[in-house]
Amino acid sequence: MKLPVSWLKDYVNINISVEELARLLTLAGLEVEEIHYVGWAMPDYAAGEKHEFKTYGLSWDPDKLVVAEIREVKPHPDADRLVLCDLFDGKDEHLALTGAPNLLHLKGTGKLEQPLKVAYAKEGAEIYDGHKEGQVLTKLKRAKIRGIESYSMVCSEKELGISDEHEGIIFLDDDAPVGTSLADYMGDAVFSIDILPNNARNVNVLGIAREVAALTNQPLKRIDKKPYESSGEAIAEKVKVNITNPELNARFVFGLIRDVEIGPSPYLVQRRLRLAGIRPISNLVDATNYAMFEVGEPLHAFDYDVLAERAKGKPVVITTRTADAGEKLVTLDEIERELQESNVLVCDEQSALALAGVMGGLESEITDKTKNVLLEGAAWNFINIRRTANHHNLPSEASYRFSRGVHPALAEDGVKRGLYWMQKWANGKVAPDLVDNYPLPPADPVVTVTEADVKRLLGVEISAEEIAGLLTKLEFSTQVEGTSVTAATPPIRMDIGEGIVGVADVIEEIARMYGYDNIPETRIGDPLPPQVGNPVHDWEEKLRDQLATLGLQEAITYRLTSPETQERIGMHGEFVKIANPSTPSKGVLRRSLMASVLEVVEKNARLRDSLAFFEIGPVFVPNKGDLPDEPRKLAIAMTGRRQPPAWDVSDAPVMDFYDMKGVADAFLAGLGLKNIVYTPADSSLMPGAAFHPGKSAQVSVDGIVVGAFGELHPSAAEKYEFADTPVLAAEFDLSTLRGVQPAYEITPVPAFPPMLEDIALIVDEALPAAKVEHLIRQTGGKMLAEARLFDVYRGEQLGEGKKSLAYALTYQAPDRTLTDKEAAKIRKKIVKRLEYEVGAELRG
Amino acid sequence: MLEKLNEIQAAALDALESVKDSEALQGWKVKHTGGNSALTEVFKGIGKVAKEDRGKVGKRANEVKVALEAALTERAALIKEAELARSLEEDHLDVTLPGRPFRHGGVHPATQTLRRILGILADMGFQVYTSREVESDEYNFQHLNFPLGHPAREMQDSFYVESEGERDNPLLMRTHTSPGQIRAMREAAVGNPDNPPPIRISLPGMCYRYEQITSRSEIQFNQVEGLAVGENITFSDLKGTLSDFARRMFGAHARTRFRAQHFPFTEPSAEMDVECFLCGGEGCSVCKKSGWLEILGCGMVHPNVLQAGGYDPRRYTGFAFGMGPERQAMLRHNIKDIRYFWGNDSRFLEQF
Ligand SMILES: [Zn+2]
């Protein structure tokens, strides 16, 4: 909400600076997001001094910008569209040149009977340039314009920074005191205040004034309860109201004012409305808006004569009800709206007149010709209004307030205030009484809080008297009894609950008034709960580190994706679907983390020559109407060169299956896993047809399948825009992987030197290397510390269908240095076993 | 013969003078001391020398051999030294050529920030509690004191999930990690409903809001919440705990301020601002000239939330807080576009 601070001053004395006021409001939950100065002096910050708010705008020099009066408008000798104003600034007479179109009609009419009050800028005044786009500062200088010397001017709203209006100069109200500085007369600072959902009572000047009064210990200047004299026939004879559903419409108030004279409202009113973000229209419309801004009750003005005519001489009977199926209404924006059956309507006996609390109808709207006004103030169900306004996409000042909850008590205050202004600005005669149908007054909760309650929640000791004092400032009626305070909620707010909830609500108000700043900072004195840690979380973090250490980059992708992108890897099946996706590309939850990580590789394919990404996170599996399963996965995708190219090495080898396997080996070992077995991937266990059937493996630990990896299936790969290098990918199930996670012991570092030896074995091509290694290890027994394959060779001299596997063997005893003889014995055993089991032959 | 030996020695030493590198030295060695050298010929022919001269010639030949070897060693040392000096002089690199690159491995900046936050909270006794990302309306809203139609729900526009469940309890992507608060309290209370234990947990995880994705808003973001429940937890504890946190997170001199806020699940509620660590509070573009940065929302757990968690609000109190790690990373590293986080562009990720 935009709030001109000058308006606040109507209701509370402000004895602190604008910035200090903004700070107090901000700490009390009415966050001032920025301060827009329109005339008042802006604070001058020294270098290094702390700003607290975003501050901008224009300060008006009190000596150079003053109220003046134009006494005569004379023609310019050489220019038709310029005039010369005889003007008095309280001290001196001046001749000011202007091209304002709203003075042209007075040109050459002689001395004005009623001088025009204007905003006068003297030589040297700093204002905005009216002829330039936006707000460009300019300083008034002496100049000759078409032969006439000019050094001063009369200002438009744009030049003073009040609005963009530059069609003509401002005409101030007739009672503006000539010679007074403009800043004193109508300077301002406008707060942009963020209104919280529980702060509906404060979307108005009076509400914020109440907070300011409470925070600064000033009295609140209340609005007169009997503000006007009434005359003529009482309204009760003319208008009746039926409420069909009090849950939706707790109160409905009508006032009637006759013989209004439509015209503009006073300039100061227009200025305030503009600063508050509302366009001034006429004194009647402005009166409804002005009263709404003051009191917080949105008002609606009907043309009484239209309603009387529709009632054909009988009293006007107004009914509030929900819409019928198929019912329509032309709202005042001239749009015919198809109504929902939950929409509440204000109707007469013929048809609907207005969409309650949201927007009036076109037919009964007040116009330039309106003579008699029926002014409505009502209380509507905030949830219903919220839905209606959202459905019809009709955000308005009225629906903004009603959809946050306006206390029904304000309906009467609002109508009276609106009538008061109409009577004052449009010379209307208010009919006696109001029509007031109030079937469902809210229960304003009465809450008892004790000193102990306050201490328990806030940690500070505040006496019952002080508690009562703080609440009284916010207009609670309080009663102190010993250490407890009974507080009755004032009939302006609907955010205080009953019982223990009410206690918390009231304590928040106590804390706000006591000042959050004044509550001390302490450390928790309550016992620390048993510290149990979160092993699953810690383990995942360790896994991330393992992978990062291996040169893989963690990615985090959207959980929301599309079936098409997931299905590129041949993933088929049911997805968890989003009922209201913001875009079709994010219509389901991912089922394959691997598909998501492959997208990351695709995205970076042209950026880097060597890519390796991983992600850890959930996938989502539908669960028949129940909450979906969210198993956590690890996915890896890699492609490109083993090393990024250097200036002297541009053709590092391209990563293949074994690079992926190396990563798997390393991170699994890093997790302390042993008994890892790789077998050709069983395609029935794969996520769809993701992998190349001959270049993929599944990984088991202790016989349990924990994941799979391999080169991407060519027909999957072609659905992506990858570079030309093979793409490797993997997906592991984390809860399975964690299930096989042992508590592992490390092997001691041997104290005696190892014995190293290489052997090369010629075996059949079809024999898996793992089988050979298994036999070597098994036969080598405890003394064989390591067997590492270091070469695979195929060649003519080996013969067709043969390969040579060369292993580096490390013999090691824990308690002594092995002799050559002992080593030779083990080696002989290994060779013999391999000859016997798989027909291996020692390569010479 | 002795004459010849003198000549041999003179010629060899003379030749050695002109030897300038190891290769030539090797050649000299072969020529003057090798198997075919004149000196070796002398040794071979020593048997043919007259008996009475044999001793003299032998002695002299040995002297020559020793002299040549000594000269060789000396020369070799000189040459080695000269060669090293030459090679050091010649052998230098262009140190401005780029180093050989490694592929960048690392954890995502969002994870890094999460770890920092969770680490500090863990030191303060708040232990990690994780829970599911697809939730029911009941857990995401109703138990957290957002009744149906509550205006605050609009601040958290949701992605709903298609399901065959009840209409008044639809499934949705959690809009905050707060449903975990209910789950954690219920888990703790279930074993001892009359006397549930105190709780101190941090709740990290991905949350979702229905938004248009722009440089300033995302549909998915991490959140870390904290929850402390006990029989003696106060708003002043909340202030103290979070100010401690801010000093750990933002530096020993970080100033904090608490201002009134509204959240349905806490009452009283507050927003904690930290003095802008970029401008020191003077006002800059990051803090929008205010000198303060909004860092987290907090408050005393609402009685209805305690009740929903199985903790009697007449006996227990608690505080809760929530913050956005990505936002903190953005402030810290001056990241202007929130889409960088899930964009996973190498050029962004490699900078962390
Ligand atoms: Zn700053």
Side-chain angles (χ1 to χ4, degrees), chain A residues 26-29 48 50-54 196-198 383 404 456-459 500-501 504-505 508 511-512 516 519-529 533-534 537 544 548 551-558 576-580 582 600 604 607-608 610 612 625 627-628 630 644 646-647, chain B residues 97-98 100-101 103-108 110-111 125 127-128 130 132-134 149 151-152 159-165 197-200 210 220 230 232-237 239-241 243 258-262 267-268 270 281-283 288-291 300 303-304 313 317 342 344 346 349:
Chain A
T26 298
L27 291 179
K50 289 175 182 181
H51 292 239
E52 290 222 77
F53 300 94
K54 182 185 172 189
L196 301 170
N198 67 334
I383 294 173
R404 280 165 174 74
R456 190 172 91 98
L457 214 58
L458 299 183
I500 190 153
V501 171
D505 292 334
E508 179 171 73
R512 284 198 317 119
Y516 280 21
I519 295 173
E521 295 185 356
T522 54
R523 295 207 167 79
I524 302 175
D526 211 48
L528 188 67
N534 186 325
H537 182 261
R544 285 190 172 91
L552 276 72
Q553 170 64 48
E554 186 188 15
I556 299 178
T557 60
Y558 288 105
V576 177
K577 294 194 186 94
I578 299 296
N580 59 333
S582 55
V600 177
N604 286 283
L607 294 174
R608 294 288 181 266
S610 180
L627 288 164
E630 300 180 9
W647 49 272
Chain B
L97 281 172
R100 294 207 177 85
R103 193 177 56 220
H104 183 269
V107 290
H108 192 282
T111 306
Q127 305 190 56
V128 175
T130 47
R132 54 170 35 264
E133 297 185 8
V134 181
F159 282 113
Y160 286 92
V161 167
E162 283 185 12
S163 77
E164 297 148 23
I199 291 182
R200 221 168 290 177
Y210 186 102
Q220 135 179 341
N232 182 28
I233 303 263
T234 68
F235 191 84
S236 66
D237 292 343
K239 280 187 70 177
T241 304
S243 291
F258 291 80
R259 56 188 164 79
Q261 244 295 355
H262 173 74
E267 189 86 10
E282 275 183 44
K288 297 191 198 108
K289 292 275 173 204
S290 75
M300 300 304 291
N304 289 346
T317 55
W342 321 137
N344 294 307
S346 292
L349 298 174

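Below, chains carry the letters A, B, ... as their sequence lines are ordered, and counting in each starts from 1.
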Tell me whether T522(A) contacts the main-chain N or O of S236(B) through its side chain, where contact means a donor paired with an acceptor under 3.5 Å. yes

I'd like to verify something: which residue of A110(B), S243(B), A260(B), G240(B) has the highest number of heavy-atom pairs under 4.5 Å with chain A? A260(B)

Measure R512(A) against the heavy atoms of chain B and call it side chain, backbone, both or neither at under 4.5 Å. side chain

Is the closest side-chain heavy-atom distance between R200(B) and I524(A) below 4.5 Å? yes

Which atoms of Q127(B) come close to chain A, meaning under 4.5 Å heavy atom to heavy atom: side chain ones, backbone ones, both, or neither? side chain

Minimal heavy-atom distance between P529(A) and P198(B), with the atoms involved, is CB-O, 3.4 Å

Bottom line for I199(B): the part with an atom under 4.5 Å from chain A's heavy atoms is backbone

Residue A28(A) versus chain B: region with a heavy atom under 4.5 Å: backbone

For the residue pair I519(A) and A511(A), what are the closest heavy atoms and their distance? CD1-CB, 4.2 Å

Please state whether the side chain, the backbone, both or neither of V501(A) comes within less than 4.5 Å of a heavy atom of chain B. both

Minimum heavy-atom separation for L196(A) and G29(A), please, with both atom names. CD1-O, 3.4 Å

Is there side-chain contact between T26(A) and E52(A), with heavy atoms separated by less than 4.5 Å? no

Proximity breakdown for R608(A) and chain B, heavy-atom pairs closer than 4.5 Å: side chain

Hey, which of P197(B), G291(B), G230(B) has the most heavy atom pairs under 4.5 Å with chain A? G230(B)

For N604(A), is it the side chain, the backbone, both or neither that has a heavy atom under 4.5 Å from a heavy atom of chain B? side chain

Side chain, backbone, both or neither: which part of Y210(B) has an atom under 4.5 Å from a heavy atom of chain A? side chain

R456(A) to T317(B) - nearest heavy-atom pair and separation: NH1-CG2, 3.4 Å

Chain A interface, residue from E133(B), R100(B), K288(B) that has the most non-hydrogen pairs under 4.5 Å: E133(B)

Quick check on the interface: out of N198(A), V600(A), L552(A), L607(A), who has the most heavy-atom pairs with chain B under 4.5 Å? N198(A)

With a 4.5 angstrom heavy-atom cut-off, which part of F53(A) approaches chain B: side chain, backbone, both or neither? backbone

Non-hydrogen atoms of V134(B) and L627(A) that approach each other most closely: O-CD2, 3.6 Å

Among A504(A), P644(A), P628(A), who wins on heavy-atom pairs under 4.5 Å with chain B? P644(A)

Most heavy-atom pairs under 4.5 angstrom with chain A, which of G105(B), P101(B), G106(B)? G106(B)

Check: N344(B) and H108(B) side chains under 4.5 Å, non-hydrogen atoms: yes

Taking the side chain as every heavy atom from C-beta outward, state whether Y516(A) and L27(A) have any atom pair closer than 4.5 Å. no

Among E521(A), R523(A), R544(A), H537(A), which residue forms the greatest number of heavy-atom pairs with chain B at distances under 4.5 Å? E521(A)

Q220(B) and F159(B), any side-chain heavy atoms less than 4.5 Å apart: no

Side chains of I578(A) and V161(B) in contact at under 4.5 Å (non-hydrogen atoms): yes

Using non-hydrogen atoms and a 4.5 Å limit, figure out which bit of I556(A) sits close to chain B: side chain, backbone, both or neither. both

Let's test your reading of the structure: which of P303(B), P98(B), A270(B), G283(B) forms the most heavy-atom pairs below 4.5 Å with chain A? P98(B)

Looking at K289(B), E267(B), M300(B), which makes the most heavy-atom pairs under 4.5 Å with chain A? E267(B)

